[in-house]
J.: 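Below you will find the structure I want to go over with you.
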2 protein chains.
Amino acid sequence: MDRELLKGSTPLLLLSLLCEGPMYGYQIIETVRQRTGGSYTLKEGALYPALHKLEATEFISSYWETQENGRERRYYSLQPAGEAFLMAKKKEWNQFVDMVQAFVGPRA
Amino acid sequence: MDRELLKGSTPLLLLSLLCEGPMYGYQIIETVRQRTGGSYTLKEGALYPALHKLEATEFISSYWETQENGRERRYYSLQPAGEAFLMAKKKEWNQFVDMVQAFVGPRA
DNA sequence: TTGACGGACCTCGTTTCGCGAGGCATATTG
DNA sequence: CAATATGCCTCGCGAAACGAGGTCCGTCAA
């Protein structure tokens with residue numbers, strides 16, 4: 001997958017995932033990798049900064065949870081403001097796809 | 001249109017346009033603006049560097065043409081290598097859209 | 001018991017890209 | 001004559017992803 005195309009899609013992806021329920025970082029990476037059949041591995045250097053930014057703007061919130069074995073995980077969950085933002089992002093995404101499609105032509 | 005989403009889509013757009021025939025910079029900008037109903041104005045600071053890069057890699061080539069009024073235009077045209085590259089890019093684009101769609105969900 | 005592996009979090013420097021703002025030059029039009 | 005449109009370009013900036021690094025801890029095999 002071309003790295004350049006990915007730019008800007010990360011927040012949309014994260015928000016969409018968290019819309020299904022709270023998740024923690026490592027889990028997000030694994031989920032993305034599995035759902036794409038391994039063709040896209042979200043990098044930590046992209047994930048964590050994006051997550052933190054989303055939290056700073058209060059689109060998501062986080063909480064630590066201790067597992068039975070004593071280890072900790074940081075879960076992120078979608079906030080109401082984030083849900084609204086996700087809607088807007090989705091609309092933007094569709095417009096973007098339409099736009100490019102208008103030049104590239106419809107899918108073969 | 002979110003500037004971040006656009007990142008990486010420019011070469012695909014340019015190659016697709018040039019696939020229809022040779023064009024010059026200003027014309028490309030106008031064409032994009034018109035075809036998107038004004039919602040996307042390709043900026044010069046994005047266009048020219050992208051064009052030059054595409055030329056440096058020999059995916060496109062350029063030639064100057066003098067108009068009747070004496071003014072010059074620099075036309076860019078798709079090269080065979082560029083055509084092949086465009087095919088690959090299109091495929092990549094479709095995969096990318098599928099990938100995001102898999103998380104965002106199908107279009108409403 | 002020790003060491004390797006995997007889970008889990010993170011940061012930092014580099015690269016790449018689009019943007020905004022500027023520059024330059026020559027028609028055309030009011 | 002001046003403003004606008006045409007037409008090319010570059011440069012500094014900000015934002016984002018990448019790659020590589022770091023840390024800590026549990027588990028499991030040697």
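Bear in mind that the values here come from a model prediction, so they are computed numbers and not experimental data.
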J.: Under 6.0 Å from the CD atom of A/Glu30, do we count more than 12 heavy atoms belonging to anything else shown?
T.: yes
J.: Do the ring planes of B/Tyr75 and B/Tyr24 sit parallel (below 30°), tilted (30 to 60°) or perpendicular (above 60°)?
T.: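 Ring orientation, 0 to 90° scale: perpendicular.
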J.: In whole angstrom, give the distance that lies between atom CG of B/Leu5 and atom P of C/dC19.
T.: 12 Å
J.: When you measure from the side-chain N and O atoms of A/His52 to the phosphate of C/dT11, is any distance below 4.0 Å, counting only OP1 and OP2?
T.: yes
J.: Could you state the atom-to-atom distance from CH2 of A/Trp64 to P of C/dC9 in whole Å?
T.: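 From A/Trp64 CH2 to C/dC9 P: 6 Å.
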J.: Whole-Å distance between C/dG18 C1' and B/Leu47 CG?
T.: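 Nearest whole value for this atom pair: 12 Å.
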J.: Please determine whether the number of non-hydrogen atoms from other residues, nucleotides or ligands lying under 6.0 Å from atom CD of B/Glu72 exceeds 12.
T.: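 Count over threshold, so yes.
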J.: If you pin B/Arg3 and A/Glu30 to their nearest nucleotides in DNA chain C, which one's is more 5'?
T.: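 Nearest-nucleotide comparison on DNA chain C picks A/Glu30.
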J.: Can you label the angle between the B/Trp93 ring and the A/Phe96 ring as parallel, tilted or perpendicular, going by 30° and 60°?
T.: perpendicular
J.: Using a cut-off of strictly less than 4.0 Å, decide whether B/Lys53 has a side-chain nitrogen or oxygen near OP1 or OP2 of C/dC17.
T.: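 Indeed, a polar side-chain atom of B/Lys53 lies that close.
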J.: Regarding B/Gln67, tell me which of base, sugar-phosphate or nothing describes its non-hydrogen contacts under 4.0 Å with the strands shown.
T.: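 Sugar-phosphate only.
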J.: Are OP1 or OP2 of C/dC17 and a side-chain N or O of B/Thr10 less than 4.0 angstrom apart?
T.: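 No.
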J.: Would the base of C/dT16 count as contacting A/Lys7 through its side chain, where contact means a donor and an acceptor less than 3.5 Å apart?
T.: yes
J.: Tell me whether B/Ile29 shares a hydrophobic cluster with B/Leu14, the cluster being built from Ile, Leu, Val, Met, Phe, Trp, Tyr side chains joined at under 4.5 Å.
T.: yes
J.: Look at all strands and tell whether A/Gly45 reaches a base, only sugar-phosphate, or nothing, counting heavy atoms closer than 4.0 Å.
T.: base
J.: Roughly, in whole Å, what's the span from OH in A/Tyr75 to C1' in C/dC9?
T.: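 One finds 14 Å between C1' of C/dC9 and OH of A/Tyr75, rounded.
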J.: Within the 4.0 Å heavy-atom criterion, would you say A/Gly70 contacts the bases, only the backbone, or no part of the nucleic acid?
T.: nothing
J.: Using whole Å, what does the distance between atom C1' of nucleotide C/dG18 and atom CD1 of B/Ile28 come to?
T.: 16 Å
J.: B/Glu72 has an atom CD; how far is it from atom P of C/dA27, in whole Å?
T.: 10 Å
J.: Quick one: B/Lys43 NZ to C/dC19 P, roughly how many Å, whole number?
T.: 5 Å
J.: Counting any heavy atom closer than 4.0 Å, what does B/Glu65 reach on the DNA or RNA strands: base, sugar-phosphate only, or nothing?
T.: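 No contact.
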J.: Which listed nucleotide (C/dC9, C/dA8, C/dG18) is nearest to the side chain of A/Arg73?
T.: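 Nearest to the side chain of A/Arg73 among the choices is C/dA8.
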J.: Quick one, A/Glu4 with B/Lys53, criterion salt bridge (charged side-chain N to carboxylate O under 4.0 Å, His left out). Give me CA distance, side-chain angles, the key distance, then yes/no.
T.: CA-CA 15 Å; A/Glu4 291 309 326; B/Lys53 194 171 180 186; over 6 Å; no
J.: Figure out the CG/P separation between B/Leu42 and C/dG20, and round it to whole Å.
T.: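 One finds 12 Å between P of C/dG20 and CG of B/Leu42, rounded.
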J.: What contact category does B/Gln27 fall into here, base, sugar-phosphate, or nothing, at under 4.0 angstrom with non-hydrogen atoms?
T.: nothing
J.: Between which nucleotides of DNA chain D, 5' to 3', does chain A make heavy-atom contacts below 4.0 Å?
T.: D/dA16 to D/dT27
J.: Out of curiosity, A/Leu12 CG to A/Phe85 CZ, how far, rounded to the nearest 0.5 Å?
T.: 9.0 Å
J.: Under a 4.5 Å cut-off applied to non-hydrogen side-chain atoms, are B/Thr41 and B/Thr36 in contact?
T.: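 B/Thr41 does not reach B/Thr36 side chain to side chain.
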J.: Remember a base hit wins even if backbone is also touched, and classify B/Tyr76 as base, sugar-phosphate or nothing at under 4.0 Å, heavy atoms.
T.: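 Here B/Tyr76 touches the backbone only, sparing every base.
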J.: Any base atoms under 4.0 Å from B/Arg71, or only sugar-phosphate, or nothing? Heavy atoms, all strands.
T.: base
